[in-house]
There are 2 protein chains.
Amino acid sequence: MTGICKQHEIHYRQALKSSRQKATPARLAILEVLEHARHPLSADEIKGALPKGKTDLATVYRNLEMLKEKGWVSALNISSQTAYYELSKLEHHHHLVCESCGRTKALAGCKAAELTKNFLNQKGFARIARHSLEYFGLCKKCERTNN
Amino acid sequence: MTGICKQHEIHYRQALKSSRQKATPARLAILEVLEHARHPLSADEIKGALPKGKTDLATVYRNLEMLKEKGWVSALNISSQTAYYELSKLEHHHHLVCESCGRTKALAGCKAAELTKNFLNQKGFARIARHSLEYFGLCKKCERTNN
DNA sequence: AACTACTTGCAAGTAATTTGCATTTGTGAT
DNA sequence: ATCACAAATGCAAATTACTTGCAAGTAGTT
């Protein structure tokens with residue numbers, strides 16, 4: 001898509017270096033794509049947005065996996081078929097997902113975390129690492145086109 | 001597994017009939033399995049719990065799909081790899097999912113619905129049909145075995 | 001410039017789910 | 001009860017999303 005902008009590139013290189021990860025072109029490009037994404041993307045969509053289809057899908061998956069482990073990227077459970085990825089540097093948040101077109105909107109703030117505490121010492125769970133809260137509906141665009 | 005108990009069978013037959021769906025053995029058996037399940041099951045697990053492995057997996061999937069459309073069964077987004085199904089006749093609720101063993105616990109009550117209203121008239125969404133709220137952590141059993 | 005461990009592309013492999021099609025089976029009508 | 005037929009099923013093949021093995025390439029150190 002667009003090239004990598006210098007600002008970001010420098011930032012990413014430092015982040016990668018401090019985690020002892022190599023700053024490969026594929027990695028920088030994937031981060032750049034996610035940086036500009038308006039909504040969470042599937043691995044395939046990410047590959048599609050990469051400059052000149054030279055990067056293999058396997059590489060995309062491998063990098064997403066490591067970015068996820070480092071906590072830089074998070075995967076969403078909005079489809080039981082496909083994972084969608086976004087940068088996790090944004091404030092913790094949830095989404096509205098259109099069941100017709102799949103478009104998502106981020107929702108600021110999260111009240112669900114408060115609820116978490118109530119569950120911690122019950123139900124035989126040692127600890128709760130994360131939660132997912134997603135709303136599914138119909139965006140206005142899809143409603144108009146009667147989907 | 002166990003046979004179909006008469007009580008349930010009669011109930012299911014009526015429900016199916018009123019939706020103009022045939023009461024096939026596979027259908028009745030799948031409903032019976034879900035009725036007795038202690039936690040959401042994958043299509044494969046459902047097939048495994050069916051009497052004498054004669055029902056094809058494709059049939060299980062096709063039936064789950066129709067049961068979902070009728071609103072009798074709902075699928076959970078707890079893994080982006082596999083769908084887990086449960087009867088939706090239970091009170092609306094969410095789950096605790098152990099990231100190690102996959103075991104789930106149902107959580108009574110749902111505070112998330114309240115939050116929904118706040119989103120309805122914003123974000124360009126026409127309406128919100130459903131939401132998913134799942135907590136992921138480690139159940140005590142898995143913590144003990146140091147997973 | 002050389003070394004080496006980490007990365008990548010490519011091809012093959014898996015797991016979950018879907019689809020095509022010929023055959024069988026519930027069900028309402030007879 | 002029997003019939004007719006749309007709906008449902010089994011089986012095999014296809015599809016999708018993702019993973020893995022391996023030889024070749026490369027970032028980052030020396």
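In what follows, every chain begins at residue 1, and chains take the letters A, B, ... in the order their sequences are listed.
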Considering residues at least two apart in sequence or located in another chain, which fulfil the side-chain contact (heavy atoms from CB on, under 4.5 Å) criterion with B:Ala58?
B:Asp56, B:Arg62
Contact string for nucleotides 23-30 of chain D, one letter per nucleotide 5' to 3', B = base within protein heavy-atom range under 4.0 Å, S = sugar-phosphate only, - = neither, reads ----BS--
Strictly by side-chain hydrogen bond (donor to acceptor under 3.5 Å, both in side chains), give each pair with a member in residues 22-31 of chain A just once, sequence neighbours left out.
A:Arg27-A:Asn63
Using a 4.0 Å heavy-atom cut-off, write out nucleotides 10-18 of chain D from 5' to 3' as B (base contacted by protein), S (sugar-phosphate only) or - (no contact).
BB-----SB
Distance-minimising heavy-atom pair for B:Pro51 and B:Ala29
CD-CB, 4.1 Å
When the distance from CG of B:Leu16 to P of C:dG26 is rounded to whole Å, what number comes out?
13 Å
In whole angstrom, give the distance that lies between atom CG of B:Asn63 and atom C1' of D:dA8.
8 Å
Under the salt bridge (Lys or Arg N to Asp or Glu O under 4.0 Å) test, residues paired with B:Arg13 that sit two or more places apart:
B:Glu9
Run the side-chain contact (heavy atoms from CB on, under 4.5 Å) test against B:Ser42 and tell me which residues pass, sequence neighbours left out.
B:Asp44, B:Glu45, B:Thr82, B:Tyr84
What stems show up for DNA chain C when you take Watson-Crick pairs (N1-N3 plus N6-O4 or O6-N4) and G-U wobbles (N1-O2, O6-N3), both under 3.5 Å, and require three or more consecutive pairs?
C:1-30 with D:1-30
Which residues share a salt bridge (Lys or Arg N to Asp or Glu O under 4.0 Å) with B:Lys68, sequence neighbours left out
B:Glu65
A:His11 meets the side-chain contact (heavy atoms from CB on, under 4.5 Å) criterion, sequence neighbours left out, with none
Tell me: CG of B:Leu64 to P of D:dA8, nearest whole Å?
14 Å
Closest heavy-atom contact between A:Ile30 and A:Val60?
CD1-CA, 3.9 Å
Across all chains, not counting sequence neighbours, the side chain to side chain donor-acceptor pair (under 3.5 Å) partners of B:Glu35 are B:Tyr12, B:Lys89
Could you check how far NZ of B:Lys47 sits from P of C:dA15, rounded to whole Å?
16 Å
How long is the line joining CG of A:Leu28 and C1' of C:dT8, in whole Å?
14 Å
Rounded at 0.5 Å granularity, tell me how far CD1 in B:Ile46 sits from CD in B:Glu32.
13.0 Å
Partner set under side-chain contact (heavy atoms from CB on, under 4.5 Å) for A:Ser80, not counting sequence neighbours
B:Asn77, B:Ala83
